[in-house]
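All ligand and atom numbering here is 1-based and tracks the order in the structure.
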Amino acid sequence: MALEKTLVLLKPSAVQRALIGEIISIFEKKGLRIAALKMIQLDDEMLSEHYAHLADKPFFQRLKDSMTAAPVVAMVLEGVEAINVVRTMTGATNGRNAFPGTIRGIYSMSKQENIIHASDGLRSAIMEIKRFFKDEEIYEWKQTCFPLLYSEEEA
Ligand code: UDP
Ligand code: MG
């Protein structure tokens, strides 16, 4: 079982609705290690890269406008199988369909204004972490409660 890093963005909708602390707290309490954390204002260029897979969609400009309407909170989370764990915690894209208990399920009624972005696989996690963080912004601090979070076999 691999220790993975994944990228999370708390979108402008989360920042405006005063959900930053609450959502960070959910990840902290889960046991994920916060390896990096900052607030940034996204721009058109970053978003064209980040959402390149959606460039031909009719909602692309609307999505970019929504993602630049306020700063976002970007973080790198680490844990065993963290990419999948965080995606599962995030929930379905459309907040109306997201399971209760997931972050989108709890906080979102919308497909666009769905509060959070999380990397969807190993390749995208690596690319996205590089897109938003310099190496020196990512900290390798030791999680002293690690032995309480995992069995020896898992970690
Ligand atoms: N999105 C949207 N309308 C759609 C599909 C997606 O506004 O029909 C937005 C939504 O904010 C979503 C983002 O585009 O989070 C990226 O879409 P993706 O399909 O990658 O969904 P995600 O991985 O975020 O669940
Ligand atoms: Mg996606």
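- Considering only non-hydrogen protein atoms, atom 24 (O) of ligand 1 sits nearest to Arg104 NH2, 3.0 Å.
- Of the candidates His53, Lys111, Met67, His53 brings a heavy atom nearest to atom 18 (P) of ligand 1.
- From Ile106, atom CD1 reaches atom CD1 of Ile23 across 8.5 Å, with rounding to the nearest 0.5 Å.
- The pair Glu140-Lys5 meets the salt-bridge criterion, since a charged nitrogen lies less than 4.0 angstrom from a carboxylate oxygen.
- When each of Met46, Lys64, Met67 is checked for a side chain to side chain contact (heavy atoms under 4.5 Å, CB included) with Tyr51, only Met67 meets the rule.
- Residue pairs that meet the ring pair (Phe, Tyr, Trp, His ring centres under 6.0 Å) test with at least one member in residues 101-128, sequence neighbours left out, are His50-His117.
- Nearest approach of Pro12 to Thr68, heavy atoms of both residues: CG-N, 4.5 Å.
- Counting the atoms of ligand 1 from 1 in the order shown, those under 4.0 Å from a heavy atom of Asn114 are 10 (C), 11 (O), 12 (C), 15 (O).
- Of all protein heavy atoms, the one closest to atom 5 (C) of ligand 1 is Phe59 CZ, 3.3 Å.
- At a 3.5 angstrom cut-off on N or O pairs, Gln112 counts as close to ligand 1.
- The ligand atoms of ligand 1 that sit less than 4.0 angstrom from a heavy atom of Leu63 are 9 (C), 11 (O), 14 (O).
- Going from atom CD1 of Ile138 over to atom CD1 of Ile34 covers 14.0 Å, rounded to the nearest 0.5 Å.
- From the protein, the heavy atom lying nearest to atom 25 (O) of ligand 1 is Thr93 OG1, 2.6 Å.
- The shortest N or O to N or O distance between Tyr51 and ligand 1 is not below 3.5 Å.
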Using distance only, find each side-chain donor-acceptor pair of residues 53-62 under 3.5 Å and give its atom names and separation, not counting sequence neighbours.
unit_1 : atom_1 : unit_2 : atom_2 : d
Gln61  : NE2    : Asp65  : OD1    : 3.0

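- Once rounded to the nearest 0.5 Å, the distance linking OG of Ser119 with CG of Leu7 reads 4.5 Å.
- Remark: ligand 1 atoms within the under-4.0 Å shell around heavy atoms of Arg87 are 22 (P), 23 (O), 25 (O).
- Ligand-side atoms of ligand 1 in range of Leu54: 14 (O), 16 (C), 17 (O), range being under 4.0 angstrom from any heavy atom.
- With a 4.0 Å heavy-atom cut-off, ligand 1 is reached by no atom of Lys57.
- Within ligand 1, counting atoms from 1 as listed, the ones closer than 4.0 Å to a heavy atom of Lys11 are 10 (C), 11 (O), 12 (C), 15 (O).
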